[in-house]
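Note that this is a predicted model, so its numbers are computed, not measured.
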Amino acid sequence: MAALLLLGQLVPACAGRRERTGPVGGMSLHEGVDPLIGLETYTDEDVLRLAGEAFDMRLYERAWLLYERYLEEFPDAPAVKLAQFNAGLSAERCDRFERAIELFELMLGAATLDEEKVNLTYRLVACTVAAERWEPAREYIGWLLQRPDTRTTDRFELRVQRAWVDAASGDLEGGLSDMLTLSRRYRSDRGLTLGGFQGAMAYYHLGEVYRLKAEAVELVHVDDLTVAREELNRKASHIVSAQDAYLE
């Protein structure tokens with residue numbers, strides 16, 4: 001059996017790959033060393049182990065490729081469900097949000113346990129917001145918010161994400177109003193139920209909404225000094241408000 005290649009070497013799953021002659025008896029056989037796996041002959045457990053090691057080393061691109069290989073070559077292996085979820089996590093960590101969404105939605109459609117549905121939906125919230133898929137993001141956020149067992153901190157973060165989704169998808173005033181309400185909610189909480197992370201999240205997204213409002217102010221009346229001054233002041237005001245929120 002050929003020696004393992006360096007774990008850090010990132011090779012696309014199809015690049016330089018040897019012709020596959022297996023699997024045979026639960027093993028995948030190749031003519032020569034497979035450039036991704038680093039072996040001529042390997043089992044599903046070999047691929048799963050290498051993928052886990054890559055993930056632990058934060059080599060998320062390599063981990064994603066290895067988990068995808070596992071799903072491709074060992075679709076009936078016992079750890080397929082684990083590999084699907086970890087492939088989604090790895091894809092999310094290396095900003096391959098569309099693939100992560102595809103994997104998580106596939107798992108959500110087959111999920112039977114309530115806890116599993118909740119965990120997958122949280123991951124889908126993160127990925128759909130990052131991918132700017134506003135409608136599914138709003139749907140997943142709403143599903144979690146209507147659950148009575150959603151924790152206070154999680155509920156606050158979900159409301160921040162919903163306000164951001166509203167603002168980013170066109171409802172700037174509604175998103176801003178909700179974000180200001182959430183910022184006041186954090187200040188009045190005084191650390192009783194919310195932590196610094198929740199506050200930072202709220203103020204960061206408040207800054208982002210003000211940034212969008214600044215971008216939305218068009219400077220078009222350059223020949224009318226009075227109106228041009230009003231437009232500049234309005235844009236500058238939003239920029240300063242964004243700066244204040246980021247600093248906070």
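Taking 4.5 Å as the limit, some side-chain heavy atom of Y42 sits within range of a side-chain heavy atom of R69. The side-chain heavy atoms of K81 and E116, taken from C-beta on, include a pair separated by under 4.5 Å. D34 is not listed as a side-chain neighbour of E40, based on a closest heavy-atom distance of 4.5 Å or more. Using a 4.5 Å heavy-atom threshold, the side chains of F55 and L89 count as touching. Looking at L113 and K117, their side chains never come closer than 4.5 Å, going by heavy atoms from C-beta outward.
One finds a salt bridge joining R211 and E215 here, because a Lys/Arg side-chain nitrogen approaches an Asp/Glu carboxylate oxygen to under 4.0 Å. Residues R138 and E135 are paired through a salt bridge, judged by an N-O separation under 4.0 Å between the basic side chain and the carboxylate. Note on R185 versus D189: salt bridge recorded, some NZ/NE/NH1/NH2 to OD/OE distance being below 4.0 Å.
Contact record, Y70 with D44: CE1-O, 3.2 Å, taken as the closest heavy-atom pair. Here the closest non-hydrogen pair linking G38 and V33 is C-CG1, 3.6 Å. Heavy atoms only, all atoms of each residue included: L50 and I37 are closest at CD1-O, 3.5 Å.
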Legend entry - Residues T181, R159; criterion side chain to side chain donor-acceptor pair (under 3.5 Å); working and verdict: CA-CA 10 Å; T181 298; R159 289 179 63 196; over 6 Å; no
Inset, instruction - Given side chain to side chain donor-acceptor pair (under 3.5 Å), test T150 with D154 step by step and report yes or no. - result: CA-CA 6 Å; T150 299; D154 291 339; over 6 Å; no
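Interatomic distance, R49 CZ to E45 CD, rounded to the nearest 0.5 Å: 9.5 Å. Of the inter-residue distances, the one linking L106 atom CG with F85 atom CZ reads 13.5 Å to the nearest 0.5 angstrom. Between the CE atom of M179 and the CZ atom of R184 there is a distance of 12.5 Å, given to the nearest 0.5 Å. In this structure, the separation between OG1 on T121 and CD1 on I141 is 11.5 Å, given to the nearest 0.5 Å. Taken from CD in E230 to CG in L219, the straight-line distance is 12.5 Å, to the nearest 0.5 Å.
Screening residues 82-109 for side chain to side chain donor-acceptor pair (under 3.5 Å) gives Y60-R93, E61-R96, Y67-N86, E68-R99, E92-R123, E98-R133, R99-E102, E105-Y140 as the qualifying pairs, with residues at least two apart or on separate chains. Pairs passing the side chain to side chain donor-acceptor pair (under 3.5 Å) check and including a residue from residues 238-248, sequence neighbours excluded, read E208-Y246.
For the pair D171 (side chain) and A167 (backbone), a donor-acceptor distance under 3.5 Å is absent. A donor-acceptor pair under 3.5 Å links the side-chain atoms of Q198 to the main chain of G195, judged by distance alone.
Atom CD of Q146 sits in a crowded spot, with more than 12 heavy atoms from other residues, nucleotides or ligands closer than 6.0 Å.
Take D178 and apply the salt bridge (Lys or Arg N to Asp or Glu O under 4.0 Å) test, not counting sequence neighbours, and it matches no residue.
Connection of W134 to F97 is not established within any shared hydrophobic cluster, with ILVMFWY side chains joined at heavy-atom distances below 4.5 Å, either directly or through further cluster members.
Cation-pi contact between R147 and W143: present, with separation from the ring centre below 6.0 Å and deviation from the ring axis of at most 45°.
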